[in-house]
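Computation of the quantities below employed the complete heavy-atom set of this structure, encompassing side-chain atoms and omitting hydrogens, waters and symmetry-equivalent molecules. Position 1 is the first residue of the sequence, and the numbers go up from there.
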Amino acid sequence: MTATPSTTALRSSAFALLARVLHWLDRVPYTLLAIPLRLAVATVFWDSAMAHLANWQTTLELFETEYALPFLPSHPSAYLAVTIELSTPPLLVVGLLTRPAAAVLLGMTAVIEVFVYPLAWPTHIQWAAMLLVLLCRGPGKLSVDWLIGRRLRASDGSHPSR
């Protein structure tokens, strides 16, 4: 079966459209991609903090039983976890200390995966993927980190719009 001129033209048009769409997608600025990553990860951990704080006694019981870690007593681990869950989401939202916050949350995610819920890897790998992007690429230009970096680069003579 041979292609007719009309099917060849249609195929060519479809490939041209696909090429234009891919070119457009390639040009989406990282900053626009980083914003939903920062907000999504922040929401996950903030919501967890709110749930833990809603009933602290239940939280302590969970850390004694279901969340028990082999290397840290339950009460200190509860305080540490909730402190991380309360402190890192606001940092991610405004894009301040984004990479350290992402690194801390990535570590927490690894601990949760390995020691608490090893069968929940489909969820944890999503968190880890978002956190790895933020760790490796930072928060984007709409962030306090970028503003501070811009100021520092300008003061040392580096190009301010990195």
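At a threshold of 4.5 Å between side-chain heavy atoms, the hydrophobic network of Ile, Leu, Val, Met, Phe, Trp and Tyr places W121 and L132 in two separate groups. Cluster annotation: F63 is connected to V114 through the hydrophobic network of ILVMFWY side chains, with a link wherever side-chain heavy atoms come within less than 4.5 Å. L106 and V116 fall within the same hydrophobic cluster, defined by Ile, Leu, Val, Met, Phe, Trp and Tyr side-chain heavy atoms under 4.5 Å apart, directly or through other members. In the hydrophobic clustering of this structure, L17 groups with L25; members are Ile, Leu, Val, Met, Phe, Trp, Tyr whose side-chain heavy atoms approach within less than 4.5 Å, directly or through other members. Criterion: ILVMFWY side-chain heavy atoms under 4.5 Å apart, direct or through other members. Under it, L134 and I35 are not part of a common hydrophobic cluster.
Considering all non-hydrogen atoms of both residues, G140 and W146 come closest at O-CB, 3.4 Å. What you find for S87 and L91 is that their closest heavy atoms are O-CG, 3.4 Å. Smallest separation of non-hydrogen atoms from P118 and E113: O-OE2, 2.6 Å. Nearest heavy-atom pair across Y30 and G138 is OH-O, 2.6 Å. Of all the heavy atoms in L92 and A102, the pair that sits closest is CD2-N, 4.5 Å.
Chaining together hydrophobic side chains whose heavy atoms lie under 4.5 Å apart places L86 alongside W46, M50, L53, W56, L60, Y79, V82.
T43 places a side-chain N or O within 3.5 Å of a backbone atom of L39 that can act as its donor or acceptor partner. In terms of modelled atom types and a separation under 3.5 Å, the side chain of H52 and the main chain of S48 share a donor-acceptor contact.
Surrounding CZ of F15 are at most 12 heavy atoms belonging to other residues, nucleotides or ligands under 6.0 Å away. Residue-environment remark: CD1 (I125) stays at or below the threshold of 12 foreign heavy atoms within 6.0 Å.
Here L142 contributes atom CG and R38 contributes atom CZ; the two are 7.0 Å apart, rounded to the nearest 0.5 Å. To the nearest 0.5 Å, the span separating CG on L80 from CE on M108 amounts to 7.5 Å. Note that CZ of F45 is 5.0 Å distant from CG of L105, once rounded to the nearest 0.5 Å. A distance of 11.5 Å separates CG in L119 from OH in Y117, rounded to the nearest 0.5 Å. Between L62 atom CG and Y67 atom OH the span is 4.5 Å, to the nearest 0.5 Å.
The six-membered or imidazole ring of H124 lies near that of W127, with a centre-to-centre distance under 6.0 Å.
Each of L131, V133, T109 was evaluated against V41; a single residue qualifies, L131, per the side-chain contact (heavy atoms from CB on, under 4.5 Å) test.
You'll find the side chain of R150 stays beyond 4.5 Å of the side chain of K141, heavy atoms only. Residues H75 and E64 meet the side-chain proximity criterion, which asks for heavy atoms closer than 4.5 Å. Considering only heavy atoms from C-beta on, D145 comes within 4.5 Å of L96 through its side chain.
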